[in-house]
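Report on the structure given below.
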Amino acid sequence: MLTVSELYIYPIKSLGGISLSNAEVTDRGLKYDRRWMLVDEQNRFLTQREYPQMALLKVQVENDGLLVTHHLNGSVAIPFEQHNQGKQEVAIWDDTCAGVFVDSELDSWFSAALGIKCRLVHMPEDTHREVDQRYASPGMITSFADAYPFLLIGQASLNDLNSRLAEPLPMNRFRPNIVFTGGEPFAEDLMNHIQVAGINFYGAKLCARCVLTTIDQLTAVKAKEPLKTLAQYRLMDKKIMFGQNLVHEGTGIITIGDTLNVLSTHTEERFLVPYK
C-alpha cells in the first residue's frame, strides 16, 4: 500500500516550506502554495539558486495572513486581504503572468533581510498561468511554481539516495508537495494516473534537479551533494531526475495517511530512468 506521509507548501516561492497534516487542493495546486513571489527590479523571480540566503526566511500561515521571520531582521506580517493595486507582468523562467505588488514597506523589509533590492508580488485568483501544454491538458493552471502545481516524491527514493551518501539528507532539500511511503525506490517515476482522496493527479514530467538541492535549508550553506551522487545513477539526457511533477483535475482535501492509488503507469521512454 502507498500512503501519503508528508505534505508541504511554500507560500512564498523559494523561501522556507511548511509541513502540514492536511492540505486543500485548489485549481492551481495546494492552497497558499507559491501564491507570493519575490522579484527583482526587472520583475523577474528570485530563487535560492542565485540567492541561497532566501532559505533563511521562514514562513508561517496565520489566521489572517503569512508571518515571515528572519533570524536577524525579526518578523513581518503579510495580510491575505490585498489592496486594489494595479497588476503588472512578472516573469518566472520563460513565462509571464499578471501579479499584484503587495506593499512598499514589505518590499523594504525583504530587501534588507536578503541584501537584494526586491519586491513582493501576489498572484490573484483571476490570474491563470497555464502549465506547459506539451505535458498537460488545456486549461490546467499553476501558481508561481517553476512549472507545475505538484511535486511527488517517494520516501523510498530518498532512502535509496541516503544509503549512498556519507551523511543522509532530509526531504526538505527536494521541496516536494506530496511524499508517500511504500513501494520501490523511484516508483513515482512511472506513475501516470494517480488518485488520492478522490482527486485525480496525472504524471506530467520527471523533475530535473538543480543546485537548490545542494543548499542546507537551515543554514543556507551550499555543498556538492546530493547532485554529485545522483549524477552517478539518475542522469538522463544530461539532467538529474528526482521526483515527478503532477497536474490534476478536481479539488478537495488530502491528508497524511490517505492511500495513494496508482490507476495507470507511464510507458513513454522519457519516464524510464535506468536504475543502477
Side-chain angles (χ1 to χ4, degrees), residues 6 8-20 29-30 32-62 65-79 88 90-93 95 99-123 143-147 151 153 158 165 167-177 207-230 240 242-243:
E6 298 174 54
Y8 295 94
I9 58 171
Y10 310 87
I12 304 177
K13 183 179 180 67
S14 228
L15 300 193
I18 301 172
S19 175
L20 302 174
L30 298 182
Y32 303 132
D33 188 42
R34 297 169 174 103
R35 292 298 294 270
W36 291 263
M37 177 172 71
L38 292 168
V39 298
D40 62 19
E41 294 179 279
Q42 286 73 48
N43 287 359
R44 185 162 185 81
F45 77 114
L46 300 184
T47 167
Q48 284 186 41
R49 296 168 182 88
E50 288 77 35
Y51 307 104
Q53 66 268 35
M54 294 176 76
L56 300 178
L57 292 176
K58 305 306 180 186
V59 185
Q60 295 172 249
V61 176
E62 306 282 312
L66 305 179
L67 183 69
V68 183
T69 303
H70 185 267
H71 67 294
L72 295 177
N73 291 65
S75 300
V76 69
I78 302 167
Q88 293 191 41
V90 294
I92 313 105
W93 298 112
D95 289 350
V100 176
F101 287 105
V102 180
D103 182 88
S104 59
E105 290 186 10
L106 290 172
D107 298 340
S108 297
W109 187 90
F110 280 106
S111 298
L114 294 172
I116 314 160
K117 188 159 181 157
C118 59
R119 300 180 72 186
L120 182 68
V121 64
H122 175 254
M123 177 181 279
S143 59
F144 288 139
D146 277 353
L151 175 61
I153 297 178
L158 180 61
L165 296 175
E167 294 185 16
L169 297 177
M171 186 63 80
N172 67 11
R173 287 292 187 95
F174 301 95
R175 299 175 72 82
N177 295 109
C207 187
R209 307 317 303 236
C210 67
V211 295
L212 199 153
T213 60
T214 68
I215 300 168
D216 187 311
Q217 293 298 295
L218 296 179
T219 65
V221 173
K222 274 188 177 183
K224 293 183 179 179
E225 295 293 6
L227 294 184
K228 181 181 176 182
T229 295
L230 283 172
I240 295 169
F242 196 91

Within a strict 4.5 Å, meaning less than it, do heavy atoms of the [X] and [Y] side chains meet?
X	Y	answer
Phe110	Leu46	no
Lys13	Met123	no
Pro176	Glu6	no

So, for [X] and [Y], which heavy atoms are closest and what is the spacing to 0.1 Å?
X	Y	result
Leu151	Cys207	CD1-CB, 3.7 Å
Ala77	Pro79	O-CD, 3.8 Å
Leu30	Tyr8	CD1-O, 3.5 Å
Leu38	Leu114	CD1-CD1, 3.7 Å
Gln53	Ile116	NE2-CD1, 3.8 Å
Val121	Val102	C-CG2, 4.2 Å

Handout entry: Within residues 209-227 or reaching into it, pairs that qualify as salt bridge (charged side-chain N to carboxylate O under 4.0 Å, His left out) - sequence neighbours excluded
Key = none
Handout entry: Listed once per pair and sorted, the salt bridge (charged side-chain N to carboxylate O under 4.0 Å, His left out) pairs that draw on residues 41-51, sequence neighbours left out
Key = Arg49-Asp146
So how far is it from [X] [atom1] to [Y] [atom2], rounded to the nearest 0.5 Å?
X	Y	atom1	atom2	value
Cys210	Leu227	SG	CG	7.5 Å
Leu56	Leu218	CG	CG	9.0 Å
Asp107	Lys117	CG	NZ	9.5 Å
Lys228	Ile240	NZ	CD1	12.5 Å

Partner residues of [X] under the side chain to side chain contact (heavy atoms under 4.5 Å, CB included) criterion, sequence neighbours left out:
X	result
Ser75	Leu67, Thr69
Ala208	Lys239, Met241
Ala113	Leu57, His70, Asn73, Trp109
Asn172	Pro170, Gln217

Practice task
Determine, step by step, whether Asn177 and Tyr10 satisfy the side chain to side chain contact (heavy atoms under 4.5 Å, CB included) criterion, reporting the C-alpha distance in whole Å, the side-chain angles of both residues, the deciding distance to 0.1 Å, and the verdict.
Solution key: CA-CA 9 Å; Asn177 295 109; Tyr10 310 87; 4.1 Å; yes
Handout entry: Test side chain to side chain donor-acceptor pair (under 3.5 Å) applied to Asp95 - qualifying residues, sequence neighbours left out
Key = Arg129
Completion exercise
Applying side chain to side chain donor-acceptor pair (under 3.5 Å) to Arg35 and not counting sequence neighbours gives Glu125
Answer yes or no: is there a donor N or O on one side and an acceptor on the other, between the side chain of [X] and the main chain of [Y], under 3.5 Å?
X	Y	answer
Thr213	Arg173	no
Thr214	Val211	yes
Ser143	Asp33	yes

Practice task
Given side chain to side chain contact (heavy atoms under 4.5 Å, CB included), test Val68 with Leu106 step by step and report yes or no.
Solution key: CA-CA 10 Å; Val68 183; Leu106 290 172; over 6 Å; no
Handout entry: ring pair (Phe, Tyr, Trp, His ring centres under 6.0 Å) partners for Phe242, two or more places apart
Key = Phe174, Phe186
Problem - Sequence-distant partners of Tyr32, ring pair (Phe, Tyr, Trp, His ring centres under 6.0 Å), two or more places apart - result: Phe80
Handout entry: Test side chain to side chain contact (heavy atoms under 4.5 Å, CB included) applied to Asp103 and Leu120, step by step
Key = CA-CA 7 Å; Asp103 182 88; Leu120 182 68; over 6 Å; no
Practice task
Apply side chain to side chain contact (heavy atoms under 4.5 Å, CB included) to Leu212 and Ser14, showing your working.
Solution key: CA-CA 9 Å; Leu212 199 153; Ser14 228; 4.0 Å; yes
Exercise for the section: Would you list the pairs meeting ring-ring contact (aromatic ring centres under 6.0 Å, His included) in which at least one residue belongs to residues 33-59, sequence neighbours left out? Expected result: Trp36-His122, Phe45-Trp93
